[in-house]
Each structure stands twice: as structure tokens, then as C-alpha cells.
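For ligands, and for the atoms within them, numbers begin at 1 and follow the listed sequence. Atoms considered below: every heavy atom in the structure, side chains included; atoms not considered: hydrogens, waters and symmetry mates. Along the sequence shown, residues carry numbers from 1.
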Amino acid sequence: MPKTPEKKKKAGSYGAEQISVLEGLEPVRKRPGMYIGSTGPDGLHHLIWEVVDNSFDEAMAGHADLISITLNKDGSVSVIDNGRGIPVDIHKQQKVSALELVMTKLHAGGKFGEADSGYKVSGGLHGVGVSVVNALSEWTEAVVERDGGKFMQRYERGIPKGKVKKIGTSKAHGTTITFKPDPDIFSTIVFDWTRIVEHFRQQCYLTKGINLRAHDARKSPIETYGFYFEGGVASYVRHLNHTKHAKHPNVFYVEKQVDDAMVEVGIQYTDEYSEHLYAFTNNIYNPEGGSHVMGFRSALTRVLNTYARSKNILKEKDLNLTGEDVREGMTAVISIKIPEPQFEGQTKAKLGNPEVRGIVETVLNEALATYLEEHPRDAEAILGKCILAQRARAAARAARETVLRKGALEGFALPGKLADCSSRDKDNTELYIVEGDSAGGSAKQGRNREFQAILPLRGKILNVERARLDRMLGNNEIKSLIIALGTNIAEQFELDKLRYRRIIIMTDADVDGSHIRTLLLTLFFRYFPEIVSNGHLFIAQPPLYRVAKGKEAHYAFSETERDEIISKFQKTADDKKKSKTETKEDVVEEQENENGDDDVAKLKGGINIQRYKGLGEMNPDQLWETTMNPENRVMKLVTIDDAQIADETFDTLMGSEVAPRKKFIQTHAKQANLDV
Ligand code: 0RA
């Protein structure tokens with residue numbers, strides 16, 4: 001959205017004269033994408049943001065505190081504010097009402113760079129103006145209350161239908177814009193309520209004291225959301241942390257005006273390892289940060305170190321806390337409002353203005369130091385967290401240096417519990433990772449020791465999601481696995497050193513087994529992705545049932561397969577007897593009645609069904625025959641996608657966010673078994 005720089009004006013009062021006129025709306029209808037990004041759902045919603053931005057500007061300039069948005073039944077949207085109202089007096093040169101200019105001319109409206117017009121910290125910076133919305137609407141109606149009167153003008157596809165009319169008197173002031181998106185322009189004109197509510201929730205956190213209501217009048221009864229956040233970004237930080245465990249009760253908060261710039265910062269630490277930092281300029285999110293984030297970072301590191309030294313939390317011999325140390329587990333929101341932001345990149349991802357760095361740094365230096373002095377318990381919790389991070393990082397470094405030093409893991413003897421194979425032909429050998437010692441025993445006896453190696457893992461291996469490399473390497477199960485693989489890990493990883501052609505995960509077909517499988521998949525996905533992407537990782541598929549009659553036995557890998565085998569047995573029995581017996585349904589039902597939770601069921605006609613709950617229940621021969629013998633076995637090749645899905649499942653189940661976990665458990669409650 002190109003914007004022409006405009007002359008600064010000395011205006012005291014603000015009327016039609018201050019509105020500079022650029023051009024008509026034809027280009028907007030010709031190339032809508034240039035102005036609102038797209039004509040899909042994003043562009044459609046942009047219309048609302050655009051109109052509401054103008055109301056937010058009024059609020060930020062201190063003239064409005066109430067905004068209401070209504071999705072009307074007829075597909076139109078009404079945006080109402082109690083600001084000053086768009087001026088309606090007649091522009092001397094243009095000889096039309098200022099309202100008409102604002103609504104029908106591109107860039108009309110003296111909102112940009114007006115250092116002393118009352119729009120000092122105006123947003124409106126992403127605003128291409130309400131005229132663009134007008135151009136792209138089937139119809140628009142603007143109603144203005146100001147100067148004791150109520151005025152209105154209607155437009156169709158951006159063209160005024162008559163002049164601005166006075167339709168009554170009013171003691172109030174404010175603007176109401178109602179528009180119906182043009183179906184000739186947009187691929188869809190249906191608004192997404194959830195998206196709208198979430199957008200405004202965020203905008204309201206960034207504009208404290210504003211009272212915003214959103215109504216969905218397409219529904220009956222009408223659905224309404226109200227947002228009012230007195231705490232500004234402090235409320236935002238609290239909201240971001242509400243699913244996490246906060247380390248201290250009081251959110252740090254500062255709001256300060258320095259020259260033309262308004263700085264607002266909120267900080268609270270949680271017990272997480274990652275950093276959550278959200279930076280905004282004039283309510284626009286800057287995912288890549290910029291000068292405000294740089295100022296924030298240097299102040300944070302400096303103030304925390306100074307405080308820790310002064311309170312002897314960091315002793316003379318101790319190293320300073322690094323930027324990483326002080327940001328671990330931190331949730332922070334930085335919101336700045338400046339008259340002329342310069343962004344880098346088309347999407348305003350990064351703030352450029354160099355002067356902002358010093359401003360944010362100065363504001364935070366002072367306010368954070370004061371906060372720490374005034375909240376010693378919070379300070380203690382924060383510094384405790386930072387020092388823990390520092391120590392863990394030092395330990396991780398030491399672990400890397402000793403354990404990962406070139407060759408360190410290679411020099412280790414193969415773990416004692418690994419039953420290695422005799423062949424050293426890397427193109428044919430296999431490593432079975434088996435859950436538990438009893439299954440490990442069966443596998444060791446059943447395998448072909450020429451080319452199959454068995455590594456039993458005891459219990460649940462470490463939760464790799466939360467663990468750092470140093471702790472992982474301290475875990476014996478994982479160390480054994482890495483040594484058995486032969487590849488080393490992290491910077492020292494070498495795929496060529498892999499000691500086996502196939503790595504096969506063999507776990508029980510129950511919930512625990514699937515959990516361990518998920519853990520292992522996560523470990524491979526995070527630390528050995530090349531093993532996965534090069535097609536070396538497999539999941540063994542042990543049978544779930546053994547169905548036998550007399551000397552004949554078959555294995556079933558699913559319930560359907562089991563029932564098919566039963567039917568076959570019965571059919572041959574029927575054929576022999578030449579008489580009719582039970583139907584398949586009868587058989588299965590009977591099995592369930594008789595069987596309950598037991599492992600063995602005997603059906604009429606001498607059919608035996610054994611259900612395998614664990615690998616350990618199979619004797620070595622059966623395990624070989626069904627699961628390990630390359631001639632018969634079925635294995636699943638693990639792809640990076642599978643591993644990633646496991647990883648995400650894992651995050652949801654193990655990460656510390658409570659809400660997503662609850663949701664996952666609720667939505668998947670019926671599938672107790674994780675299918676990964
Ligand atoms: C131009 C000048 C003035 C206010 C506005 C536009 C204005 C635009 C919109 C759009 C939605 N709500 C709005 N509220 C105000 C300044 C008017 C003055 O100085 O009185």
C-alpha cells in the first residue's frame with residue numbers, strides 16, 4: 001500500500017481544510033489485491049480491520065473509549081465509535097463535505113505524519129483508509145454525529161448516492177460505518193466470527209482502557225463478546241501464561257511516554273524452557289522483532305545482572321548471566337506507539353527506527369530495576385530461574401565437551417545388555433529395540449543371531465521433549481542406544497557409522513507399548529532424523545491373536561483378520577459335518593461373553609483364540625515366526641511424517657501446556673491407543 005509522504009501542518013483545530021486529496025477510487029476496484037492483500041477471506045476480513053483501525057485511532061488519540069462491531073443478518077457490518085466523528089464541513093477547494101472526501105478519495109484524511117494534529121501516536125499506519133472499504137462494498141452508509149447534528153451519506157460501490165444530509169440533531173459524537181462487501185469482488189462474503197473475536201481480543205490487549213463489543217447478529221439469539229483490559233499488555237502476558245506455571249505472581253509492567261513514543265512492556269517468567277516474546281508497533285505484530293526488541297534485550301540482561309550482583313546472588317567469581325539465560329521461560333509483550341514507524345520487509349515483520357532502541361532500553365532499565373527492588377520475592381524467583389538456566393547451560397556445555405568430544409561415545413564398549421549379531425555386514429544387519437527384559441529374552445532366543453541384534457530397553461526412556469542433551473546423555477538407556485547405533489549424536493552424528501541396515505522398534509500392542517513407541521519415534525525425529533529419512537527405521541508388527549484348531553494355527557494382526565480365520569475354521573467344520581452351526585456374529589459374541597478379559601477363549605468346535613497382550617507372552621519360536629522372520633513378518637517403514645506426527649502427539653501429551661493436553665485427551669478419549 002504505497003503512501004505518499006505529506007506535508008506537516010500547523011493545524012490547531014481539525015476541519016475539512018486539513019484533509020489533503022489524492023485520487024479517486026477506480027484503481028481500488030481494478031486491483032483490489034494491491035490495497036487489501038487478496039480478495040479471499042483474508043482480504044474480506046481486512047475490510048473490518050480497516051474500518052475498526054480508524055476507530056482505534058480515535059481511541060488512541062484519547063477521543064473515543066467505546067467501539068462496537070456488529071455482523072448484521074443481511075451480510076453487512078456496522079462499526080460504531082464514540083470518537084469525534086468524521087468532519088462534515090465543506091472543503092474550500094473541493095467544495096464537498098470532508099466526509100465525502102474521506103469516504104471517496106484514496107488517502108483522503110489528514111492522518112499521516114500529523115505531528116501536532118492530535119494524531120500523535122495514531123495507528124492508522126496500516127490503514128489504507130475507509131475509502132478502500134467503500135470502494136469494495138456493494139453499498140456503504142456513513143452516519144456522523146458531531147456539532148449538534150446527525151449526518152449521513154450513502155454510497156454504492158464507492159459512488160455517493162446524494163450529498164451529505166443532516167438527518168437530525170444529536171448531542172452525542174461519533175461515527176457509524178455500515179458496509180456490505182461486494183460479492184463481485186470477493187470470493188466469499190461470509191465473515192468468520194471466531195477469527196474476528198480473536199483479532200479484537202489481541203487489539204484490545206494492546207489498547208488498554210478501550211471497551212469493545214462484538215456482536216454476531218446473524219445468530220439468534222445474538223452472540224456478544226466484550227473486551228476491556230485495564231491492564232494493557234500486563235493482562236496480555238497473564239493471558240498468554242494462563243496455561244503455564246508462573247514463577248512469580250506479579251507481572252512486571254511499565255507504560256511510559258518518551259517524546260513522541262509510547263512504550264509499554266509486560267514480563268512474567270514461567271517454568272518453561274522456551275521464550276515467548278511478542279513485539280508490536282502501533283498494534284501491528286512484528287514477528288521478526290527489530291529495534292524495540294534489541295533495546296528490550298539489552299536492558300533485561302543488564303538490569304538482571306546488576307541486581308544479581310548487588311544482592312550477591314551472583315558472586316564475584318560467577319560469570320554474568322547471558323541473554324539466553326535471562327530469556328529462558330520468559331513471556332513478554334512489548335508494544336510501542338510511534339508517529340512514523342519504518343518497517344523492514346513488506347509484511348512489517350521488523351521495526352527499523354534506530355531511535356526506538358535507546359528509548360525502550362532507557363524506559364526498561366529504570367522501571368525493571370525499580371520493580372525488582374519493590375518486589376523482592378518476585379525478583380528472587382526470576383533470578384532463581386535465570387541462574388538455574390545458567391547452570392544447566394554450563395552443564396550442557398560440559399557434557400557436550402566431554403561426552404561428545406570426537407570419539408568419546410565410540411570408545412565406549414558396547415552395552416552389556418545388547419545381544420549383538422555375529423555378522424558385521426552393515427547392509428544386512430538389524431537392530432531390534434525391544435521393550436522390557438522379558439520380551440528381550442524371547443527375542444534373544446528367537447532371533448537369527450547371524451544378522452539380528454537385540455537391545456532391550458528398560459521402562460520408559462527419558463522424556464526427550466523436556467530434557468536437554470546433557471541429561472539425555474546421562475540416561476543409561478539412551479546412552480546404550482546411541483552406542484549400539486554407532487552414529488554418535490548432535491554435532492558428532494555420522495550416518496555412515498550406523499552399525500545396522502534396519503533399526504526396528506518392537507513394542508507391545510498396548511497403551512504402554514504405544515507410549516514407548518511414541519517416545520522412541522520422538523527421539524529419532526529430534527536427534528536422528530537422517531536415520532528416519534534414509535529409510536532405516538521400522539516398526540515391527542506383532543500379531544494380536546493366535547487362532548488355532550487342532551494342530552492348525554494362524555496369527556491375526558487385527559480383529560477383522562481374527563474373525564476371518566474363525567469363519568474359515570467353521571466353514572471347514574461345517575463342510576465336514578454338512579450341517580449348519582452358528583453364524584459369525586454368534587461366535588464373536590460368545591467369545592466375548594466367555595472370554596471377558598482373559599487371554600484364552602475356547603469356542604465351540606474346538607477353536608482356540610489366544611490374545612497376545614505383550615511380546616513376552618509369545619514363546620521365542622512364535623515371536624520368530626510371526627514378527628522377526630523376514631520371510632513372514634510385516635513391518636512398517638517409518639517416514640519423517642510419521643515421526644513428526646509422533647513428535648506432535650508427544651508435545652501435546654507431555655508438554656506443560658494444560659489446555660491443549662486436555663483437549664487432546666477429550667477428543668481422543670475413545671482411542672486410548674495412540675496410533676502412530
Ligand atoms: C479525519 C479527521 C478527524 C477524525 C476522523 C477523520 C475520524 C475518522 C473515523 C473513522 C471511523 N471513526 C472515525 N473517527 C474520526 C478529526 C476530527 C476533528 O478534529 O474533530
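Checked by atom type, the side-chain pair Thr140/Asn134 shows a donor-acceptor distance below 3.5 Å. Checked by atom type, the side-chain pair Tyr269/Glu328 shows no donor-acceptor distance below 3.5 Å. Side-chain contact annotation: Asn72 with Ser76, donor-acceptor N/O pair under 3.5 Å present.
Closest to atom 16 (C) of ligand 1 by heavy atom, among Arg84, Met103, His173, Glu50, is Arg84.
Heavy atoms of His63 stay at 4.0 angstrom or farther from ligand 1. Judged by the shortest distance from any of its heavy atoms, Asp81 lies inside the 4.0 Å radius around the atoms of ligand 1. Residue contact annotation: Ile86 has a non-hydrogen atom under 4.0 Å from ligand 1.
Contacts of Ala64 with ligand 1, taken as heavy-atom pairs under 4.0 Å, are absent altogether.
The Arg146 neighbourhood of ligand 1 comprises atoms 17 (C), 18 (C), 20 (O), with distances under 4.0 Å to a heavy atom of that residue. Atoms of ligand 1 found under 4.0 Å from any heavy atom of Thr175 (numbered from 1 in listed order, with element): 11 (C), 12 (N), 13 (C), 14 (N).
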Would Phe280 and Tyr236 count as a side chain to side chain contact (heavy atoms under 4.5 Å, CB included) if you check the C-alpha gap in whole Å, the side-chain angles of each, and the deciding distance to 0.1 Å? CA-CA 12 Å; Phe280 301 83; Tyr236 199 178; 3.8 Å; yes
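In summary, Glu380 and Arg377 do not engage in a salt bridge, as defined by a charged side-chain N under 4.0 Å from a carboxylate O. Ionic pairing of Arg157 and Asp182 is present here: one or more N-O contacts between side-chain nitrogen and carboxylate oxygen are shorter than 4.0 angstrom.
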